Amino acid sequence: QLQACGGGLVQAGGSLRLSCAASGRISGINAMGWYRQAPGKQRDLVATILNGGRTNYADSVKGRFTISRDNVKNTVHLQMNNLKPEDTAVYYCYARNILSDYWGKGTLVTVSS
């Protein structure tokens, strides 16, 4: 129900843009965002954006990542600039309504030093 794309391999200092689209089966979305999970680590919040545009970022990505959303199309994007090797992880998009959280399959981002 969530389809993400845009991952890949990039050198440190480079940029990538992740995108995620929620299917029409998910109604009443009030938040969308991204988590990431590095090998051997737990899944951590990267960024979220609410319907009204309010955003929240992990401290480690503030100033480098920007989340945006199209409420009509139910899509969310993550612009990642100045990438660092520690940003290497599988990135998962999610959508939330009053009933549940919905997750995409994840897209791999690899940042080489």
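Just so we're clear, the structure is a prediction, and the values are computed from it rather than from any experiment.
To the nearest 0.5 Å, the span separating CZ on R17 from OG1 on T66 amounts to 9.5 Å. Considering OG of S112 and CG of L9, their distance stands at 5.0 Å, rounded to 0.5 Å. Between atom OG of residue S15 and atom CG of residue N82 there is a gap of 8.0 Å, rounded to the nearest 0.5 Å. Considering CD1 of I67 and CG of L78, their distance stands at 6.0 Å, rounded to 0.5 Å. Annotation: the span from L50 atom CG to R96 atom CZ amounts to 9.0 Å, rounded to 0.5 Å. Annotation: the span from F65 atom CZ to R36 atom CZ amounts to 5.5 Å, rounded to 0.5 Å.
The minimum heavy-atom distance linking A95 with I29 is given by the pair CB-CD1, 4.0 Å. Looking at every heavy atom in both residues, A38 comes nearest to A89 through N-CB, 3.8 Å. Across Q1 and I26, no two heavy atoms sit closer than the pair OE1-CG1, 3.5 Å. Contact between L83 and R64 at its shortest, heavy atoms only, is CA-NH1, 3.9 Å. Contact between G104 and Y92 at its shortest, heavy atoms only, is O-CD2, 3.5 Å.
For T75, the side chain to side chain contact (heavy atoms under 4.5 Å, CB included) partners are A21, D70, K73, H77, not counting sequence neighbours.
A donor-acceptor pair under 3.5 Å is absent between the side-chain atoms of N71 and the main chain of N74, judged by distance alone.
For the pair N97 and Y102, the minimum side-chain heavy-atom distance is below 4.5 Å. In this structure the side chain of T110 never reaches within 4.5 angstrom of the side chain of V10, judged on heavy atoms. Side-chain contact check for L18 versus T107: some heavy-atom pair is nearer than 4.5 Å. At a threshold of 4.5 Å between non-hydrogen side-chain atoms, the residues R54 and I49 do not count as touching. Counting heavy atoms from C-beta outward, D44 and V46 have side chains that stay 4.5 Å or more apart.
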| Intermediate values then yes/no, side-chain contact (heavy atoms from CB on, under 4.5 Å), V109 and T88 | CA-CA 5 Å; V109 172; T88 295; 5.9 Å; no

| request: For side-chain contact (heavy atoms from CB on, under 4.5 Å), just list the numbers for Y91 and Q37, CA-CA rounded to whole Å, side-chain angles, deciding distance to a tenth of an Å, and then say yes or no. | output: CA-CA 7 Å; Y91 285 69; Q37 187 167 18; over 6 Å; no

| request: Could you please spell out the steps behind the disulfide bond (SG atoms under 2.5 Å apart) verdict for C20 and C93? | output: CA-CA 6 Å; C20 178; C93 70; 2.0 Å; yes

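Atom CG of L99 sits in a crowded spot, with more than 12 heavy atoms from other residues, nucleotides or ligands closer than 6.0 Å.
The six-membered or imidazole ring of Y94 lies near that of W103, with a centre-to-centre distance under 6.0 Å.
Criterion: ILVMFWY side-chain heavy atoms under 4.5 Å apart, direct or through other members. Under it, L16 and Y35 are not part of a common hydrophobic cluster. Following chains of ILVMFWY side-chain contacts shorter than 4.5 Å, one cannot reach V76 starting from L45, and the two form parts of different hydrophobic clusters.
Between D87 and K84 no salt bridge is recorded (no basic side-chain N to carboxylate O distance below 4.0 Å).
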